[in-house]
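Below, read A as the first sequence line, B as the second, and so on, with proteins coming before strands; counting in each chain starts at 1.
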Number of protein chains: 2
Amino acid sequence: MDLNRKQMSIIQYKSYDRLLVAVDCIIFGFDGTELKALMIKRGFDPEMGKWSLMGGFVNQMESVDDAASRVLNQLTGLSSIYMEQLHCFGDVKRDPGGRVVSVAYFALIKIDDYNEALMQEHNAKWFPLKKIPAMVFDHKQMMRLAQERLQQKVAQHPIGFALLPDKFTLQQLQGLYEAIYERQMDKRNFTRKILAFNILNKLNEKEKESSKKGAFYYVFDKKKYERMDKEGLKFL
Amino acid sequence: MDLNRKQMSIIQYKSYDRLLVAVDCIIFGFDGTELKALMIKRGFDPEMGKWSLMGGFVNQMESVDDAASRVLNQLTGLSSIYMEQLHCFGDVKRDPGGRVVSVAYFALIKIDDYNEALMQEHNAKWFPLKKIPAMVFDHKQMMRLAQERLQQKVAQHPIGFALLPDKFTLQQLQGLYEAIYERQMDKRNFTRKILAFNILNKLNEKEKESSKKGAFYYVFDKKKYERMDKEGLKFL
DNA sequence: GCAAAAGTGTTTTGTCTACACCCATGA
DNA sequence: TCATGGGTGTAGACAAAACACTTTTGC
């Protein structure tokens with residue numbers, strides 16, 4: 001036998017167990033009032049017909065992150081979604097259909113920004129976080145963890161913009177923060193704080209739907225943010 | 001064909017790729033002055049002889065967490081180590097020996113608390129965080145992420161005790177925090193802050209090695225801590 | 001008695017919180 | 001002209017940071 005080292009190692013690795021690796025995505029959206037999560041009716045067994053996170057298996061030739069992007073795209077039609085790895089769930093019996101290790105991701109999308117046809121195809125539905133139904137496997141646990149993580153994350157990084165339209169008013173932004181932290185905030189304090197970060201640009205344009213006076217739109221300034229993000233800001 | 005749903009689902013899952021799943025552990029220790037990480041000389045190909053994190057493959061019949069515990073135990077001889085999942089690394093080509101998804105964990109141990117024979121067997125060595133050598137695959141990236149996470153975590157949860165002996169002086173504790181955050185702290189402010197959390201018990205016993213006067217030992221009070229931890233404290 | 005680390009309070013500074021009124025506009 | 005949400009400033013409370021001297025004791 002005349003094996004080189006690379007061949008050796010492949011042979012060596014061969015003796016270990018191979019497992020199914022899945023990704024599951026907690027997809028958050030904000031409708032202006034409430035935080036919601038997107039869930040689908042599971043279309044195959046086990047647990048067919050029950051509510052579930054959108055998920056899929058990782059292919060041999062794709063990275064785990066790519067698998068998550070693919071799954072998000074399959075459901076929403078969107079690419080370049082804000083997405084972050086949450087946790088790897090690896091209990092032996094978490095999925096009664098087999099030994100599946102699942103890597104959970106959470107994603108933030110603009111709630112009106114999706115492909116209606118794809119959503120219907122998957123029987124997808126938005127649920128307010130307060131009214132999450134029973135879910136398959138350990139998906140509820142994933143959900144809870146995602147919500148905690150979102151709170152922590154938003155306290156230090158203004159990723160919340162990913163949940164809002166490109167231009168938004170300060171009140172809409174405050175509404176989002178109130179939804180995430182589940183508490184009321186003072187308008188003046190909020191305004192002062194968020195403007196102090198100097199990551200918003202005020203437009204010369206007003207939103208006139210919800211008031212007679214109209215509220216100025218702001219946009220998120222990505223460059224200013226990146227400069228600032230490295231040091232880590234703290235909102236809460 | 002007359003398959004029930006469970007059988008169906010297993011068949012369905014069968015068509016997906018199965019991957020090798022590994023765990024890798026970043027093991028932190030504190031020698032009284034410096035924060036260190038424990039690394040091993042890799043004993044098999046690929047990359048045999050290079051520095052590496054301690055790792056291993058996840059077996060079919062064990063959870064990912066259990067695999068990490070097992071790996072930690074193999075190297076240190078210790079069980080019930082403080083351990084936390086860090087991140088799942090899933091790039092296709094991260095390991096040249098094959099398609100391996102690795103779940104990284106970080107662990108905190110008392111640096112004198114290990115089995116010397118096991119350590120030698122694995123060619124393990126402590127490296128100061130400032131002087132980490134080149135490492136195989138993406139292990140350096142894991143290392144960096146672990147260090148960041150440790151900082152964040154310790155700011156909100158006093159897990160640092162896991163790195164110290166059961167009884168320790170306030171100066172030792174401060175030294176640990178200074179090592180983690182890589183900056184000097186004021187003795188008076190530190191003492192006031194840490195005692196205010198009310199999670200330490202003062203012993204009637206002094207450490208007399210490092211000074212003539214001697215410094216009182218303290219112990220960590222787990223019960224008080226757990227009561228407090230739920231709300232989340234903030235040290236920094 | 002002196003060297004070496006332990007232990008201990010106060011002042012200043014800055015940040016967070018609570019709070020209320022005028023403004024612009026469309027109907 | 002009035003009803004509606006938009007926009008703005010200040011004072012008090014609290015927390016963080018800066019700062020230096022006395023104590024103990026082994027040598």
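- Here the closest heavy-atom approach between residue B:V154 and residue B:Y181 is recorded as C-OH, 3.5 Å.
- When the C1' atom of D:dA17 is taken as reference, atom CD of B:Q174 falls 14 Å away, rounded to whole Å.
- Nearer to the 5' terminus of DNA chain C, by closest-nucleotide assignment, is the contact made by B:K212 (compared with the other of B:K212 and B:F216).
- Atom CD of A:E207 is separated from atom P of D:dG5 by 12 Å (rounded to the nearest Å).
- Between the C1' atom of D:dC19 and the CZ atom of B:F190 lies a distance of 19 Å, rounded to the nearest Å.
- Taking only distance into account, the side chain of A:K213 never meets the base of C:dA24 through a donor-acceptor pair shorter than 3.5 Å.
- When rounded to the nearest whole Å, the span between NZ of B:K234 and P of C:dC16 equals 8 Å.
- In this structure, B:N189 places its CG atom 13 Å from P of D:dA20, rounding to the nearest Å.
- Rounded to whole angstrom, the span from the CD atom of A:Q184 across to the P atom of C:dT17 amounts to 15 Å.
- Summary of the strand contacts: B:S211 and B:T191 both lie near DNA chain C, and taking for each the nucleotide with the nearest heavy atom, the more 5' one is attributed to B:S211.
- For A:K202 and D:dG6, the NZ to P distance is 13 Å, given to the nearest whole Å.
- Within 4.0 Å (heavy atoms only), B:K187 reaches at least one base atom of the nucleic acid.
- Taking the six-membered ring where the residue is Trp, the centroids of A:F161 and A:F168 are separated by under 6.0 Å.
- For the pair A:E209 CD and D:dT4 P, the interatomic distance rounds to 18 Å; values are reported in whole Å.
- A salt bridge between A:E34 and A:K130 is absent, with no side-chain N of the basic residue lying under 4.0 Å from a carboxylate O of the acidic one.
- Residues B:Q141 and B:F89 form a side-chain contact, since some pair of their non-hydrogen atoms from C-beta on lies under 4.5 Å apart.
- At a threshold of 4.0 angstrom between heavy atoms, the contacts of A:T169 with the nucleic acid are absent.
- Side-chain N/O atoms of B:E148 and B:Q152 include no donor and acceptor closer than 3.5 Å.
- Taking only distance into account, the side chain of A:R192 meets the base of D:dG9 through a donor-acceptor pair shorter than 3.5 Å.
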